[in-house]
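Here is the structure we will look at, set down as structure tokens.
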Amino acid sequence: MTTAQTQELDVQPTPLALLLLGREADPRSERGVECPGDLPSPSDPDLVERARAAKAKLGDKVFVLGHHYQRDEVIQFADVTGDSFKLARDAAARPQAEYVVFCGVHFMAESADILTGDDQKVVLPDLAAGCSMADMATAEQVAECWDVLTEAGIAEQVVPVSYMNSSADIKAFTGKHGGTICTSSNARRALDWAFEQGEKVLFLPDQHLGRNTAVRDMGMSLEDCVVYNPHKPNGGLTAEELRAAKMILWRGHCSVHGRFSLDSVNEVRERIPGVNVLVHPECRHEVVAAADHVGSTEYIIKTLEAAPAGSKWAIGTELNLVRRLANRFASEDKEIVFLDRTVCFCSTMNRIDLPHLVWALESLAEGTLVNRIQVDKETEAFAKLALERMLALP
């Protein structure tokens, strides 16, 4: 990001935000492994042309998906853009594509593999592109949680609802235990369905989306919600607390959306009179409560599309998308700024850069399959069951 671009969005880069990710492994990422192979140099002036040439050579054999949070240098090569579930469904609707190159993170590529045909191969350009939220709930931890619920005598009353931003293992656990998946767009419908099946919900892995949906959209109280911490014995909760709760929220969060604070909202209102605050429901409850508009990534985009010329907006979501929207609507005199004064990229999402994409496309064009994401059949079956329950929601 250039100095001019950061000034345009009124953000100030921090040392951590300016960390060059390159090829190094990030031990906090979902998989934390280095992408194999010799990557082109980021300074190669022919990278864009190389990507175009490799994609043209592959033709209809390749389908490139680009998540909204991807870098501009990558998103320009996407055949479709969108959120994680939309992209996975788009891939499933292109059975003629032998290769699905997912410019996103690991759990998204898993979902694409679950929904696409057996003859399609899903590729993630950098295997270290993970998700800190998905990392916060492992299969072993969730199995232990279910044991705690069983010991408290409430497991039969609990229906798991897992956010799309979770690993295939967690989706499979959800399917196996009679639950469903949700997105930030349909979380209310998923919870309504779950409470028709049981008396309580175990919401994985994002506590903020679960809390905001239950309290803001469904009229529950904060006292109806408890937070299960997998790093504490019995989740840090007593059996009585579990029995009294309606929403058992997993102690997980998005590292990007979780950084926005009430101070961020108050500061931007003082700095930009008349500003509309628009945030994602993965933000903290106090941020959502103070915002003017709350919704999914697609909701954010559609709201800005419909906004009148001259309106002012502070957006609480990932910076790549906010910057892209600011540039897109600048000609319509819509002022769009980042909600926080400091840069907030999704570090693992940013691992998919142009060198990784070129390397993946050129390898495929040469007949070498790289970085395939493949979910085992048993996990796929139960995860697909949970996803199908979501698709059947009214």
Side-chain angles (χ1 to χ4, degrees), residues 6-12 68-69 82-83 86 133 163 165 182-192 206-222 225 247 249 253-346:
T6 58
Q7 289 175 345
E8 181 182 346
L9 285 177
D10 201 11
V11 293
Q12 301 167 358
H68 286 307
Y69 297 166
D83 59 22
K86 174 185 180 296
M133 181 197 297
Y163 191 21
N165 299 25
C182 75
T183 67
S184 53
S185 299
N186 68 8
R188 167 68 189 270
R189 279 181 286 155
L191 287 181
D192 283 339
D206 179 23
Q207 61 171 308
H208 299 308
L209 178 61
R211 182 183 295 107
N212 289 329
T213 305
V215 176
R216 180 178 181 273
D217 299 337
M218 302 178 68
M220 295 187 201
S221 69
L222 291 174
C225 308
M247 291 286 293
L249 307 170
H253 64 277
C254 170
S255 58
V256 171
H257 294 99
R259 69 171 290 124
F260 298 115
S261 66
L262 185 57
D263 286 343
S264 303
V265 177
N266 293 335
E267 189 277 334
V268 81
R269 291 196 190 281
E270 292 179 5
R271 178 162 45 93
I272 308 176
V275 70
N276 296 280
V277 178
L278 170 58
V279 303
H280 195 281
E282 289 177 19
C283 292
R284 301 177 191 179
H285 182 66
E286 59 268 25
V287 173
V288 165
D292 300 301
H293 307 272
V294 181
S296 66
T297 302
E298 295 293 338
Y299 173 87
I300 290 172
I301 295 170
K302 290 178 180 178
T303 298
L304 293 176
E305 287 175 341
S311 56
K312 304 173 184 179
W313 298 85
I315 311 300
T317 193
E318 207 274 341
L319 183 56
N320 272 319
L321 176 61
V322 178
R323 182 181 64 182
R324 192 173 299 123
L325 292 170
N327 292 334
R328 175 183 170 186
F329 294 114
S331 62
E332 300 179 24
D333 195 30
K334 298 175 186 179
E335 181 181 352
I336 297 172
V337 302
F338 192 58
L339 178 58
D340 196 74
R341 291 295 294 261
T342 56
V343 171
C344 186
F345 289 110
C346 176

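Numbering starts at 1 and runs along the sequence shown. A quick note: this is a predicted structure, and the numbers were derived from the prediction, not measured.
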- Query: Side-chain donor-acceptor pair under 3.5 Å between Asp340 and Ser264, yes or no?
  - Reply: yes
Output for pair (Cys182 SG, Leu191 CG), nearest 0.5 Å, gives 6.5 Å
Steps toward side-chain contact (heavy atoms from CB on, under 4.5 Å) verdict (Val337, Val322):
CA-CA 7 Å; Val337 302; Val322 178; over 6 Å; no
So NE2 of His253 and CG of Leu209: to nearest 0.5 Å the spacing works out to 14.0 Å
query: So, are Arg328 and Glu305 salt-bridged, with charged N and O less than 4.0 Å apart?
result: yes
- [ ] I would like to know whether Asn327 and Arg324 meet side chain to side chain donor-acceptor pair (under 3.5 Å); could you show each step before the answer?
- [x] CA-CA 5 Å; Asn327 292 334; Arg324 192 173 299 123; over 6 Å; no
- Candidate pair Asn165 and Glu282, rule side-chain contact (heavy atoms from CB on, under 4.5 Å), full reasoning: CA-CA 11 Å; Asn165 299 25; Glu282 289 177 19; 3.6 Å; yes
Rounded to the nearest 0.5 angstrom, the OG1-NZ distance for Thr297 and Lys86 is 12.0 Å
- Task: Mind running side-chain contact (heavy atoms from CB on, under 4.5 Å) on Ser184 and Tyr299 for me, showing each step along the way?
- Result: CA-CA 10 Å; Ser184 53; Tyr299 173 87; over 6 Å; no
Residues Pro308 and Lys334: closest non-hydrogen pair is O-CG, 3.9 Å
Here the pair of heavy atoms bringing Ala291 nearest to Val279 is CB-CG2, 3.7 Å
| task | Please work out whether the ring planes of Phe338 and Phe260 are parallel, tilted or perpendicular, with thresholds of 30° and 60°. | result | perpendicular
Less than 4.5 Å apart, side chain to side chain, heavy atoms only: is that true for Leu278 and Ile300? yes
Q. With the threshold set at 4.0 Å, does a side-chain nitrogen-carboxylate oxygen contact exist between Lys302 and Glu298?
A. no
Rounding to 0.5 Å, atoms CG (Asn276) and CH2 (Trp313) come to a distance of 4.0 Å
Item to complete: Please report the C-alpha distance between Asp83 and Thr183 in whole Å, then the side-chain angles of each, then the deciding distance to 0.1 Å, and finally whether the side-chain contact (heavy atoms from CB on, under 4.5 Å) criterion is met.
Response: CA-CA 9 Å; Asp83 59 22; Thr183 67; 5.7 Å; no
Closest heavy-atom pair, Val294 versus His280, reported as atoms and distance to 0.1 Å, is CG1-C, 4.4 Å
key: Sidechain-backbone polar pair: Arg188 side chain, Asp217 backbone, donor-acceptor under 3.5 Å   = yes
Heavy-atom nearest pair, Leu325 first then Ile336, reads O-CD1, 3.7 Å
Note: His208 and His285 closest approach over all heavy atoms is ND1-N, 4.4 Å
Practice problem: In plain terms, say whether Arg269 and Asp292 are close enough for a salt bridge, that is, a side-chain N and a carboxylate O under 4.0 Å apart. | Solution: yes
Output for pair (Tyr163 OH, Asp206 CG), nearest 0.5 Å, gives 6.5 Å
- Task: Apply side chain to side chain donor-acceptor pair (under 3.5 Å) to the pair His257 and Thr317, showing each step before the final yes or no.
- Result: CA-CA 6 Å; His257 294 99; Thr317 193; 2.8 Å; yes
**Prompt:** Does Val268 reach the side chain of Arg341, with side-chain heavy atoms less than 4.5 Å apart?
**Reply:** no
d(Leu222 CG, Met247 CE) to nearest 0.5 Å is 11.5 Å
For Ala290 and Leu262 the tightest heavy-atom approach is CB-CD1, 3.6 Å
